[in-house]
Amino acid sequence: ISQHTDTLNITLAANSGFVRVRAYYAACGTYTVWDTLYVTVVTNVYGPGQWVGGISTDWFNALNWCSSLPSATIDANIDGDYYTSPHFPVINASGAVCQNMNMYGVNEALTINSGYNLDVYGNWENGINSYSSTFTANSGSSATFKGTTSNQYINGFIPTTFNNLIINRGSDTTTVLEDIVGNTPPATINMTGSLTLTNGLFIISEPTSSIQYTASGTMTIPSTAGLELNGGNFVRGNFSITNNGLFRMTANAADDTLGN
C-alpha cells in the first residue's frame, strides 16, 4: 500500500470546531473508520508563549503553544477571548517555567498537579479582563517566584489559591514581590499549603489575602528574605518564627494575625 499526502481545504463557520474525517481506499472500495479532529484557527496575538491547546493538556508539548513554550524570558498567555481551546494546560512534570503568568479571565484554566512546580520570573495576573478563569493548585504542588527585577506583582480580578508558595527572588530584600491592593474584585491570594521564604521581600497589601505556614514547628526567615504584612492575614498556627531577616507588620494587617 503506497502512502501519499493529500491537501484538504476546510471552511469553518467559526474559528474552531470539530471535523469528522475518513479515508477511502479506491482499490478495495472500502473506507476507514471515522475519526474526529479538532481544528483551531488561532490569531497569534501575543507571540511566543500563547496557549493554543490543540493537541492536549500537556504544558510541555510545544505544539500546544504558538511559536515556543514559555521560559524565564517568555510570558505564558492563556486567553480564551481569542479562541476556544479544547484543552487547557496541566503541569504534570518537572521544569515548568514562565516569565509573566497571564490568565485573562475568559473561561481559561491552569492546573499544577501534586509534586510539581511552576517557576514564575515576573508577575502573576489571574483574571486581567474578566472574572472566569480557574487556577487549580493540587495538594503537594507549588509556585516559586524567582527573578531579579526590583518589583513584581500578584494581580488580577480573580482570587488565586496556591498550595505551597515559595519566594526566591534575587539575593536580598531589595527584590520585592507584592500582592497589590486596589482591584475590584480584589487580587486576593489564599493558600492550602505552606509559605517558604528564601530570598526577596514578600509584601501582602490586599486586605482580603491570607497566607500560612504549616511545614514544621519553626518558620525561619533567612537574612536574605523578608515578609511584610501591610494587609491581609497570617493564619494562626502552632509554630514559632526565627527571624534573621525582615518581619514587619503595619497597622493595616488583620487584628488576628498570628497567634499561639
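Only heavy atoms go into these numbers, but all of them, side chains included; no hydrogens, no water, no symmetry mates. Count residues from 1 along the sequence.
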If we ignore hydrogens and angles and just use 3.5 Å, is the side chain of [X] paired with the main-chain N or O of [Y] as donor and acceptor?
| X | Y | value |
| --- | --- | --- |
| T220 | P222 | no |
| T32 | Y24 | no |
| Q212 | S194 | no |
| E108 | G105 | yes |
| N64 | V52 | no |
| N243 | G245 | yes |

Transitively linked via ILVMFWY side-chain contacts under 4.5 Å: [X] with [Y]?
| X | Y | result |
| --- | --- | --- |
| V106 | M101 | no |
| V176 | V120 | no |
| L165 | V97 | no |
| Y153 | F157 | no |
| M249 | L195 | yes |

Do [X] and [Y] touch side chain to side chain, with heavy atoms closer than 4.5 Å?
| X | Y | answer |
| --- | --- | --- |
| T144 | L118 | no |
| N126 | M103 | yes |
| I204 | I211 | yes |
| N163 | M191 | no |
| I112 | N117 | no |
| T188 | T160 | no |
| I78 | P89 | yes |
| V45 | Q50 | yes |

Check: With a 6.0 Å cut-off on ring centres, are F234 and F239 close enough?
Finding: yes

Checklist line | Results of salt bridge (Lys or Arg N to Asp or Glu O under 4.0 Å) for E178 - residues two or more places apart only | finding: none

What's the spacing between [X] [atom1] and [Y] [atom2] if we round to 0.5 Å?
| X | Y | atom1 | atom2 | result |
| --- | --- | --- | --- | --- |
| I158 | S132 | CD1 | OG | 6.0 Å |
| S139 | N113 | OG | CG | 11.0 Å |
| N230 | T250 | CG | OG1 | 4.0 Å |
| D179 | S210 | CG | OG | 11.0 Å |
| D172 | T224 | CG | OG1 | 8.0 Å |
| I180 | I189 | CD1 | CD1 | 11.5 Å |

Would you name the heavy atoms of [X] and [Y] that are closest together and state the gap between them?
| X | Y | result |
| --- | --- | --- |
| G47 | S67 | C-OG, 4.5 Å |
| T73 | Q99 | O-NE2, 3.6 Å |
| L197 | L227 | CD1-CB, 3.8 Å |
| Y46 | Y104 | CE2-OH, 3.3 Å |
| T148 | T175 | O-CG2, 3.5 Å |
| A225 | I221 | O-CG2, 3.5 Å |

Margin query: What verdict does the side-chain contact (heavy atoms from CB on, under 4.5 Å) test give for I241 and F247, after you've listed the backbone C-alpha separation in whole Å, the side-chain angles of each residue and the deciding distance to 0.1 Å?
Written below: CA-CA 10 Å; I241 297 176; F247 184 85; 4.2 Å; yes

Checklist line | Sole candidate of N138, V90, N92 that passes side chain to side chain contact (heavy atoms under 4.5 Å, CB included) when paired with Y116 | finding: N92

Note to self: Set out, in order, the CA-CA distance, both residues' side-chain angles and the distance that settles side-chain contact (heavy atoms from CB on, under 4.5 Å) for I128 and N102, then state yes or no.
What the structure shows: CA-CA 8 Å; I128 296 172; N102 300 320; 4.1 Å; yes

Next item on the list: Decide whether a cation-pi geometry holds between R169 and F145; the criteria are a distance under 6.0 Å from NZ or CZ to the six-membered ring centre and an angle within 45° of the ring axis.
Entry: no

Next item on the list: Name all pairs fulfilling the salt bridge (charged side-chain N to carboxylate O under 4.0 Å, His left out) condition that reach into residues 206-231, sequence neighbours left out, sorted by first residue then second.
Entry: E228-R248

Notebook entry, point to check: In chain order, what residues pass the ring-ring contact (aromatic ring centres under 6.0 Å, His included) check against F135, with sequence neighbours excluded?
Noted result: W124, F162

Note to self: Assess, by modelled atom type and distance only, whether the side chains of N183 and N155 contain a donor and an acceptor separated by less than 3.5 Å.
What the structure shows: yes

